[in-house]
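By convention in this document, chain letters (A, B, ...) are assigned in the order of the sequence lines, proteins followed by strands, and residues within each chain are numbered from 1.
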There are 2 protein chains.
Amino acid sequence: MAATIKDIAKMAGVSITTVSRALNNHTDVNRNTYKKIIKIAKQLNYQPNSSARNLVLKKTNTIGLVISGLTTRSGHHFIYDVICGINEQAKLRNYDVLLIGTSTQQQKEISFKDLCLKRNFDGVILAGVRTGDPYIEQAMQSDIPTVIMGVPVATAFCGSVVTEDVSGAFSAVQHLIDFGHRHILFINGHKETVVSQFRLEGYIKALNKNGIPYNDNYVAHANFEIEGGSQALESLLSHNPEATAVFCASDLMAYGAMMKCMELGFKVPDDISIIGFDGIDITEIVKPCLTTIYQDRWQMGISAVNMLLELLGGSEGYIRFMSPKLVIRESTKMLIK
Amino acid sequence: MAATIKDIAKMAGVSITTVSRALNNHTDVNRNTYKKIIKIAKQLNYQPNSSARNLVLKKTNTIGLVISGLTTRSGHHFIYDVICGINEQAKLRNYDVLLIGTSTQQQKEISFKDLCLKRNFDGVILAGVRTGDPYIEQAMQSDIPTVIMGVPVATAFCGSVVTEDVSGAFSAVQHLIDFGHRHILFINGHKETVVSQFRLEGYIKALNKNGIPYNDNYVAHANFEIEGGSQALESLLSHNPEATAVFCASDLMAYGAMMKCMELGFKVPDDISIIGFDGIDITEIVKPCLTTIYQDRWQMGISAVNMLLELLGGSEGYIRFMSPKLVIRESTKMLIK
DNA sequence: CAAGTAATCCGAAACGTTTCGGAAAAGTGA
DNA sequence: TCACTTTTCCGAAACGTTTCGGATTACTTG
């Protein structure tokens, strides 16, 4: 069906070796035969068979993008941009991206190494994993170049890109404190996720720095989604009516919290200030616009690809920290005593 | 490095033929040698080299997911779910998904056929294309099994899954009419997209059916995004202050319109009813919750994969219509005279 | 003109599979 | 025991590339 190198060789009256060398721009092929070969290749609409190529080159130019929890509802707000960034950058660097959705459950059914080996990935980017997910350990122990997103690890073949969650959370809380708030609730993500502990750390740090005692009753764990934020807020507020501000570990939870506030008759930001985390696009749009800690997800994707290519080039893994940025909008307000 | 079939053959003391046959569960291999081979394979953590396999089998078990405009802002609200559906279903049917972002521009740089040939896709799902995009024609003319999303075409190797935009738009407008509205604005998507013409058709149909004259000044074209909806509404409303309802060809534009309404001092739905299209997740959440025409994007992804596999099985392409559903929420209201 | 060098080319092996066409060994029935 | 089948195995070719190691031819240069 499709034209092969043999067809070209036959038509050009040369050996397949010469065709291969011409097509790959090697030096020792005559200018004229080169031209002839290129012309025939064009004419036959020749495209090299990648399977054959990969086989002999032992390189697929494909990176596996393994995403755990790809299909969780609302996941798109965060991971989509990462995917786009990866996709763009990979294309730029001449790599293809093979998308593989997985889950904590499925990770138990097929090992990370098997998953990758079977597909001959040159390297893989692993995202969406939670603490305790098998693939984290397995990736670190395998010799497949891998960059893990969101989990700070570094080995010979394994790097990571993570946001500075501690400082992000810190600046969120500091912002609220700067606005005069002292009773600050914290709706964190689920415990099994690495970022949650860091964000808690940042929360506590900011409190400490400002001489505000940490109160365990002020923090709740939810699932990063709207409903979770909504429920958590209701519970937290009923036990701590003195609170005037809440820091949410995701924008979606922040919206959930905000809706619940309105439902309960509190105005945002007049009665209660709310700050989110992520900087998803609707924060710029839905009123009141959400003050948040913005993560450049697109750039995270780009960085991941770049790091992976460094690993492929032989360098050791490291941790790339991305600093999130405080974006002040309408959902936080100076506290009036 | 990685174990090959040869290694197993050597260890088991049999030929590679036998190993291959055992691994592929052929019948003519002795029960005991079979067991021995399987055991050694496990022990060596053998995974077949897919490049070699693809080469001889002339089949990659990979489908190309070619998405034009993957990286457009806010695109995630729609396409993400489609991707997830495709991903899940492909995995279920034992196919891998290779993601390729493209654009109208890039389509001019490399032909659809070359793009696919180079990667040895078994088949392709093409999404996000606009009328006039080169890949539509090229896909239809190539012999690569392809399903196109959103463009109703059908050839021997080419099918499509599309939503019934006409009836979707019709029921949106009918809903507004049922609520007593007669002056109904329409903020459509850009003209270059296929769905836009169908939605306009549905809009007009509903008007006609109810004896309402069509007014060209009532319809504007925008870019499917928030800002577009916002601008379009302002312009439309300033010229047609008698309007009491607006139908938007995307939820995002509906939100843009809604924001602008609020800004202009109109209440939604009290002063103006708004209905969107798509049913993205925030329509359930952001107040007032948006009445909309819901498209099951996940199911569209699944259907696309299923159709592609039918094409791969040798059947002819056809058009799969998905019916969108009217979901009545808070942004539309009975008109009080 | 001889000898050395540069420019072009090619044969064959290799990559890791699958599979065709048989061959050897073992079992069957008379 | 013989002729036949069945069971179990294997050699070799093929898939479409790349590349090593040389071979041929043409060009220099003194």
- [ ] Name the nucleic acid region contacted by A:Asp28, choosing base, sugar-phosphate or nothing; use a 4.0 angstrom heavy-atom cut-off, strictly under.
- [x] base
TODO: Under 4.0 Å between any heavy atoms, over every strand shown, what does A:Ser20 touch: base, sugar-phosphate, or nothing? Just pick one.
DONE: base
Value in whole Å for how far the [atom2] atom of [N] lies from [atom1] of [X]:
X        : N      : atom1 : atom2 : answer
B:Ile37  : D:dC9  : CD1   : P     : 8 Å
B:Asn49  : C:dA14 : CG    : C1'   : 13 Å
B:Asn120 : D:dG16 : CG    : P     : 10 Å
A:Asn54  : D:dT18 : CG    : P     : 11 Å
A:Tyr34  : C:dA7  : OH    : C1'   : 17 Å
A:Ile5   : D:dG16 : CD1   : P     : 11 Å
A:Lys6   : D:dA13 : NZ    : P     : 13 Å
B:Asn25  : C:dT19 : CG    : P     : 13 Å

- [ ] Tell me which of B:Asn30 and B:Leu57 sits closer to the 5' end of DNA chain D, going by the nucleotide each one is nearest to.
- [x]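 The residue mapped nearer the 5' terminus is B:Asn30.
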Open item on the list: Heavy-atom nearest nucleotide on DNA chain D for B:Val56 versus B:Thr27: which residue maps closer to 5'?
Closed with: B:Thr27
TODO: Take A:Tyr95 and A:Gln89, measure what side-chain hydrogen bond (donor to acceptor under 3.5 Å, both in side chains) needs, and give me the verdict at the end.
DONE: CA-CA 8 Å; A:Tyr95 275 79; A:Gln89 188 64 7; over 6 Å; no
- [ ] Using the side chain to side chain contact (heavy atoms under 4.5 Å, CB included) rule, take B:Asn54 and B:Lys58 through it: C-alpha gap first, then chi angles, then the decisive distance, then the call.
- [x] CA-CA 5 Å; B:Asn54 296 342; B:Lys58 292 179 180 313; over 6 Å; no
Checking [X] side chain against [Y] main chain: does a donor-acceptor pair fall under 3.5 Å?
X        : Y        : value
A:Ser303 : A:Gln299 : yes
B:Ser315 : B:Glu310 : yes
A:Glu316 : A:Ala156 : no

Task: Distance below 4.0 Å between A:Arg53 side-chain N/O and D:dG16 OP1 or OP2 - done: no
Open item on the list: Counting only side-chain nitrogens and oxygens, does B:Lys58 get under 4.0 Å of the OP1 or OP2 atom of D:dG16?
Closed with: yes
TODO: For B:Ala52 and for B:Thr17, find the nucleotide of DNA chain C with the closest heavy atom, then tell me which residue's nucleotide is more 5'.
DONE: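 Its nearest nucleotide being more 5', the pick is B:Ala52.
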- [ ] May I ask you to verify whether the side chain of B:Thr33 and the base of D:dT8 hold a donor-acceptor pair under 3.5 Å?
- [x]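 Absent.
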Choosing from [options], which nucleotide comes nearest the side chain of [X]?
X       : options                : result
A:Leu55 : D:dC15, C:dG11, C:dG16 : C:dG16
A:Asn24 : D:dT18, D:dT17, C:dT18 : D:dT18
A:Arg21 : D:dT19, D:dC10, D:dT18 : D:dT19

